[in-house]
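Accompanying notes for the structure given below.
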There are 2 protein chains.
Amino acid sequence: MALAHAILASLIDRPCSGYDLAKEFDGSVGFFWQATHQQIYRELSKLEAQGWVISKTISQSKRPDKKLYQVTELGKQQLKEWIAQPCEPAPIKDDLLVKIFGGYAASREVILEELERHRQAHLERLSTYKALEQKYFQKPQELSEQAKFQFLTLLNGISYETHWLAWCQQAIKLLS
Amino acid sequence: MALAHAILASLIDRPCSGYDLAKEFDGSVGFFWQATHQQIYRELSKLEAQGWVISKTISQSKRPDKKLYQVTELGKQQLKEWIAQPCEPAPIKDDLLVKIFGGYAASREVILEELERHRQAHLERLSTYKALEQKYFQKPQELSEQAKFQFLTLLNGISYETHWLAWCQQAIKLLS
DNA sequence: GGGCACATGTAACGGGTTACATGATTAA
DNA sequence: TTAATCATGTAACCCGTTACATGTGCCC
């Protein structure tokens, strides 16, 4: 149920509408947890029914009304408890590796093309992440507590993309 | 629909029962794609209905009967086509990163404990993978075509675990 | 006039998870 | 005698995906 807790963690920063949350899950939070707006609206309804968040409807003149969600004390406690519960590392689950595994059923050329496409994609993500690092996290020792945690998720992304990039290159080399 | 194709790829090696497949998805294939026996039986029924695999029932005296599944020509073609279709890199989706993201809502100690647990887990997986590398893939240049592809999935696992291990250490350092 | 940003939803479907169910053989 | 291995399945539920639905204001 990490979606619920990812929403709680996002809402603690500042009250948000479902729409705002969907944008976050499309950007920063989306680096490590993805969700569509439909999932978010569904989850918010559930969270409100459980009393983990409450909403206020804000009337707007020039835009549609919106519901601002806020985390309740109960919600904060639930988040804290969830964080304290041990969890297992997420297993890898990647289409490309299934393709490699079945690779000798296809032509070498096709596999190499796909590997090259992925290499390119990982390279692009990596440079996006590095740009963010440059922009927001130049001096790691001087970051606020909150920023340190965000920085760590970004570092994970950088490390992850670096790993994939290196593996793609290795794979291309071995198969060429 | 990578599950269907992961099953096809496994079955091309040798005909298998659902039970056999479930064991593979718990071991080697499970390094990059996981599935329970229920998923596998469900998927096999679908694959047979589509004509991608066919089954023979084998009567056994001292064990329950079993169904051996084999890939059809249509199935092979479908696998080949699926491999040729470009796919996107799998996004990260990891509970631990959600915890880190919401980390300032919990106590530092709890977070550090969890990071240490994960560091340990990744270390163990890494050494499992390295042992497999030692055992089966000592001379990469001399591997059969088929073995090369398997080797690459293992290399990916090694690279992945190395990345996580390094990140956990970095995170522990930054938060200590 | 077209398209994007804002804003929230319903409905249907498919894949993944968990629990339940059965029943023989073999090794500790 | 207890547990593990072999072997296949049903049922219910939850989560994720995709399509559909609505409607205003603003900028080009």
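What you see is a predicted model, and the numbers here were worked out from it, not measured in a lab. Numbers restart at 1 for each chain; the letters A, B, ... are given by sequence-line order, proteins then strands.
- Identified under the side-chain hydrogen bond (donor to acceptor under 3.5 Å, both in side chains) test for residues 43-54 of chain A, with sequence neighbours left out: A:Glu48-A:Ser55.
- Note on B:Gln38: a base of the nucleic acid sits closer than 4.0 angstrom, heavy atoms only.
- No N or O donor and acceptor, one from the side chain of A:Arg63 and one from the base of D:dG23, sit under 3.5 Å apart.
- In terms of phosphate contacts, B:Tyr19 brings a side-chain nitrogen or oxygen within less than 4.0 Å of OP1 or OP2 of D:dC6.
- Within 6.0 Å of CD in B:Gln60 there are more than 12 heavy atoms belonging to other residues, nucleotides or ligands.
- Sequence order on DNA chain D of the closest nucleotides to A:Ser61 and A:Thr36 puts A:Thr36 first from the 5' end.
- The phosphate of D:dC14 (OP1 or OP2) has no side-chain N or O of A:Lys46 nearer than 4.0 angstrom.
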CA sep, side-chain torsions, deciding dist, call: B:Phe31, B:Tyr129, ring pair (Phe, Tyr, Trp, His ring centres under 6.0 Å): CA-CA 10 Å; B:Phe31 296 156; B:Tyr129 292 169; 4.8 Å; yes
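- Taking five base pairs at each end of the helix from C:dG1-D:dC28 to C:dA28-D:dT1, the local helix axes there meet at an angle of 40°, rounded to 10°.
- Classification of A:Arg117 and A:Glu114 as a salt-bridged pair holds, one side-chain N sitting under 4.0 Å from a carboxylate O.
- Taking 4.0 angstrom as the limit, A:Gln39 places a side-chain polar atom (N or O) nearer than this to OP1 or OP2 of D:dT17.
- In this structure, the side chains of A:Leu126 and A:Trp164 stay at 4.5 Å or more apart for every pair of heavy atoms.
- We find that A:Glu133 and A:Lys130 are not joined by a salt bridge, their nearest charged nitrogen and carboxylate oxygen being 4.0 Å or further apart.
- A straight line from CE of B:Met1 to C1' of D:dT17 spans 14 Å, rounded to a whole angstrom.
- Residues A:His37 and A:Tyr19 keep their aromatic ring centres 6.0 Å or farther apart.
- Comparing D:dG16, D:dA7, D:dA12 against the side chain of B:Pro64 picks out D:dA7 as the nearest.
- Side-chain polar atoms of A:Asp20 and A:Ser17 form a donor-acceptor pair below 3.5 angstrom.
- The footprint of chain B on DNA chain C, defined by a heavy-atom cutoff below 4.0 Å, extends from C:dG15 to C:dT26.
- Using the six-membered ring where Trp is involved, A:Phe149 and B:Tyr104 have ring planes that are tilted, between 30° and 60° apart.
- The phosphate of D:dT5 (OP1 or OP2) has no side-chain N or O of B:Lys23 nearer than 4.0 angstrom.
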